[in-house]
Amino acid sequence: MENEKSVNVLNALIQINNDRIEGYETAAKETEDSDLKSLFAHLQSTSQNNLNGLRIEVMRLGGAPEEGTRVTGKFFRVWMDVKAALTGNDRKAILNSCEFGEDKALETYEDTIEDNSEKLSSEQLAMIREQQTHLRADHDKIKDLRDAV
């Protein structure tokens with residue numbers, strides 16, 4: 001399949017967004033702070049919007065969108081750190097863990113753009129850059145809340 005490389009790149013971003021949704025679902029269940037619950041719902045919404053665009057593009061290319069998460073690797077550990085921080089109900093630790101996860105999501109998008117631009121169309125790159133902008137805004141919300149603690 002000629003589009004296989006593009007599909008693989010886009011599916012990697014799908015996994016990152018799936019990880020992010022799962023992580024914030026866990027975080028929302030573990031915290032009692034209503035403002036954090038609301039924030040985590042917003043962050044999930046960002047990833048859900050990202051997923052919609054990525055899945056449509058993968059299907060347009062004739063591929064099957066990734067459905068799972070990365071059970072191993074840095075994202076799994078990040079969300080386990082979030083859960084551990086949440087069980088202690090330490091707001092700053094929760095936000096530090098969330099910011100670390102946001103850093104990794106941004107890093108993945110940056111690496112995708114840098115290392116895979118030749119595998120993607122200009123429209124796909126534009127979509128990924130737009131998603132990256134939304135993720136950066138989410139990162140900054142987390143950082144601002146953390147700094148305010």
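Remember, it's a predicted structure, so these values are computed and weren't measured experimentally.
Note on Glu102 versus Lys141: no salt bridge recorded, every NZ/NE/NH1/NH2 to OD/OE distance being 4.0 Å or above. With respect to Asp147 and Lys143, a salt bridge is recorded, a charged nitrogen being found less than 4.0 Å from a carboxylate O.
For Ala64 against Asn11, the heavy-atom pair with the smallest separation is O-ND2, 3.1 Å. Annotation for Ile14 and Pro65: closest pair CD1-CB, 4.1 Å, computed over non-hydrogen atoms. Across Asp103 and His139, no two heavy atoms sit closer than the pair OD1-NE2, 2.7 Å.
In summary, of the residues considered (Gln132, Gln131, Lys104), a side-chain hydrogen bond (donor to acceptor under 3.5 Å, both in side chains) with Tyr109 occurs for Gln131 alone. Results of the side-chain hydrogen bond (donor to acceptor under 3.5 Å, both in side chains) test with Arg20 over Asp138, Thr46, Asn50 single out Asp138 as the only residue that passes.
Considering SG of Cys98 and CZ of Arg146, their distance stands at 11.0 Å, rounded to 0.5 Å. Taking NZ of Lys92 as the reference point, atom CG of Leu95 lies at 9.5 Å (rounded to 0.5 Å). Interatomic distance, Ile128 CD1 to Glu123 CD, rounded to the nearest 0.5 Å: 11.5 Å. In this structure, Asn8 CG and Glu66 CD are separated by 10.0 Å, a value rounded to the nearest 0.5 Å. Residue Asp33 holds its CG atom at 12.0 Å from OG of Ser38, rounded to the nearest 0.5 Å. Of the inter-residue distances, the one linking Ile113 atom CD1 with Leu13 atom CG reads 8.5 Å to the nearest 0.5 angstrom.
In this structure, the side chains of Leu125 and Arg129 come closer than 4.5 Å at one or more pairs of heavy atoms. Side-chain contact between Leu43 and Ile142 is present, with at least one heavy-atom pair separated by less than 4.5 Å.
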Next on the checklist: Under the criterion side chain to side chain contact (heavy atoms under 4.5 Å, CB included), I'd like the reasoning laid out for Met127 against Leu54: C-alpha separation, chi angles, the key distance, then a yes or no.
Outcome noted: CA-CA 8 Å; Met127 175 183 64; Leu54 292 165; 3.7 Å; yes
Next on the checklist: Using side chain to side chain contact (heavy atoms under 4.5 Å, CB included), reason through Leu61 and Gln124 one step at a time and then give a plain yes or no.
Outcome noted: CA-CA 11 Å; Leu61 295 171; Gln124 291 163 345; 3.4 Å; yes
Item to check | Residues Arg91, Leu36; criterion side chain to side chain contact (heavy atoms under 4.5 Å, CB included); working and verdict | outcome: CA-CA 9 Å; Arg91 187 176 177 91; Leu36 290 182; 3.6 Å; yes
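Between the side chain of Asn17 and the backbone N or O of Leu51, no donor-acceptor pair lies under 3.5 Å. Judged by distance alone, with hydrogens and angles left aside, the side-chain atoms of Ser45 form no donor-acceptor pair with the main-chain N or O of Ala41 at under 3.5 Å. Panel note: side chain Asn116, backbone Leu10; no donor-acceptor pair is recorded below 3.5 Å. For the pair Lys37 (side chain) and Ala28 (backbone), a donor-acceptor distance under 3.5 Å is present.
The hydrophobic cluster containing Phe40 also contains Val149, counting ILVMFWY residues as joined when their side-chain heavy atoms lie under 4.5 angstrom apart, directly or transitively.
Taking the salt bridge (Lys or Arg N to Asp or Glu O under 4.0 Å) definition, one finds that Glu25 meets it with nothing, sequence neighbours left out.
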